[in-house]
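The next block holds one structure in the form of structure tokens; read it before the comments.
Count residues from 1 along the sequence. Just so you know, ligand 1 is whichever comes first in the structure, and atom 1 is the first atom listed for that ligand.
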Amino acid sequence: MIPVTRFSRAWIAVATVCVAALLSFGLTPPAVAAPSWPVISNGSSGPDVASAQFLLRSHGHDIAADGQFGPATEGATRSFQQSRGYGVDGIIGAETWPGLIVTVRQGDSGDAVAAAQTALNKHGYGLAVDGQFGPATASAATAFQSAKGLAVDGIIGPQTWQNLLGQGGGGGGSYSLPIPRGTLSRGYYNAPHHTYPALDLPVGTGTPVYAVHSGVATRVSNDRCGLGYSLAGDDGATYFYCHLSAYGVGSGARVNAGAHLGSSGNTGNSTGPHLHLEVIAGGAQRCPQPAMLAIYDGVSPPSPGSLPTSGCVG
Ligand SMILES: [Zn+2]
């Protein structure tokens with residue numbers, strides 16, 4: 001008689017070899033079309049603006065990198081465009097970005113590195129924006145390249161820049177985690193919520209809170225939610241954020257995925273610092289968990305309307 005366990009072990013050994021073969025030979029990164037460069041101009045805000053400001057600084061324009069595209073940034077943009085012989089319109093788009101970006105790699109330092117760190121953080125990597133391209137930035141760069149199917153060399157050159165800037169953040173294209181990636185491990189994004197579909201992320205007061213998707217953010221303030229945002233996403237979902245300690249954008253602001261909405265906290269009906277997140281789509285409160293796990297894993301999340309309305313309460 002053949003013991004079942006021996007058969008199982010043999011089968012597992014075969015399966016392991018097959019998986020190893022798949023990993024070695026089967027997962028060639030697909031060729032990916034580069035996303036469009038973002039178009040930013042006076043009035044724009046968010047991480048792409050901050051990256052552009054750092055890049056303008058690296059080209060010698062002494063402006064603040066505050067993520068707000070105002071008159072000083074517009075002036076620096078016009079002067080940069082003039083110096084390169086581009087059309088002088090003060091708008092940073094498909095013509096200006098390729099001249100503005102600077103290839104950076106481990107060991108580099110300065111404003112161009114800070115620009116790259118800002119762009120990586122839009123995708124949830126949670127780096128210190130210190131302008132020092134060290135091992136943490138290199139590991140974020142290779143993780144991003146790998147997630148996007150790009151050549152994985154840890155060097156932020158034109159193709160990586162275009163993917164960093166042209167996509168919203170987080171993974172899966174235009175989605176971002178609601179907090180910096182390094183803050184919590186994957187399992188927290190799958191935690192059940194008390195009594196109704198939502199997600200509580202236990203992060204300390206002052207943690208940056210990001211827009212999950214592009215849309216229009218409206219400030220919320222009431223006894224239950226405390227300080228929060230209702231983000232009317234371009235994907236048709238409403239993302240509801242609660243218990244913040246500070247607002248980061250004005251009511252009615254148009255934001256990109258990964259935009260810094262504010263800071264987490266403990267305001268409203270809350271028993272300790274955390275970010276409370278709801279997803280409302282098709283008139284129903286949905287479980288954010290499958291979407292957050294997909295974003296964490298760098299794959300496209302399910303459409304909001306297909307998220308379950310039960311199974312995440314416990
Ligand atoms: Zn909650």
Side-chain angles (χ1 to χ4, degrees), residues 124 126 168-172 175-249 251 253 255 257-297 301-314:
Y175 284 85
S176 171
L177 288 174
I179 55 171
R181 175 176 298 270
T183 314
L184 293 178
S185 59
R186 187 178 186 278
Y188 285 97
Y189 296 95
N190 202 27
H193 189 257
H194 58 89
T195 65
Y196 65 98
L199 179 64
D200 286 336
L201 295 170
V203 292
T205 295
T207 304
V209 168
Y210 301 140
V212 168
H213 193 66
S214 63
V216 174
T218 302
R219 289 184 182 184
V220 169
S221 177
N222 60 48
D223 290 348
R224 189 181 74 83
C225 185
L227 305 184
Y229 280 100
S230 172
L231 170 62
D234 294 332
D235 57 0
T238 298
Y239 298 89
F240 202 63
Y241 296 72
C242 285
H243 317 311
L244 307 183
S245 58
Y247 292 123
V249 301
S251 215
V255 295
H260 189 169
L261 282 183
S263 304
S264 67
N266 192 28
T267 57
N269 184 7
S270 171
T271 54
H274 74 286
L275 173 65
H276 170 97
L277 179 71
E278 297 176 19
V279 178
I280 297 137
Q285 210 125 22
R286 310 259 171 193
C287 293
Q289 285 80 352
M292 295 303 120
L293 289 172
I295 297 167
Y296 188 91
D297 292 339
S303 73
S306 73
L307 291 170
T309 55
S310 64
C312 57
V313 176

Angle at the Zn ion (ligand 1) (to 10°), with one arm to OD2 of D200 and the other to ND1 of H276: 150°

Sole candidate of V209, T205, V203 that passes side-chain contact (heavy atoms from CB on, under 4.5 Å) when paired with T207: V203

Y229 ring center within less than 6.0 Å of Y247 ring center: yes

Metal check, the Zn ion (ligand 1) vs H194 N/O/S, cut-off below 2.8 Å: no

H274: which of H243, H193, H194 passes ring-ring contact (aromatic ring centres under 6.0 Å, His included): H243

Among L199, L244, L184, the one residue meeting side-chain contact (heavy atoms from CB on, under 4.5 Å) with L275: L244

Metal site the Zn ion (ligand 1): N/O/S of H193 inside 2.8 Å: yes

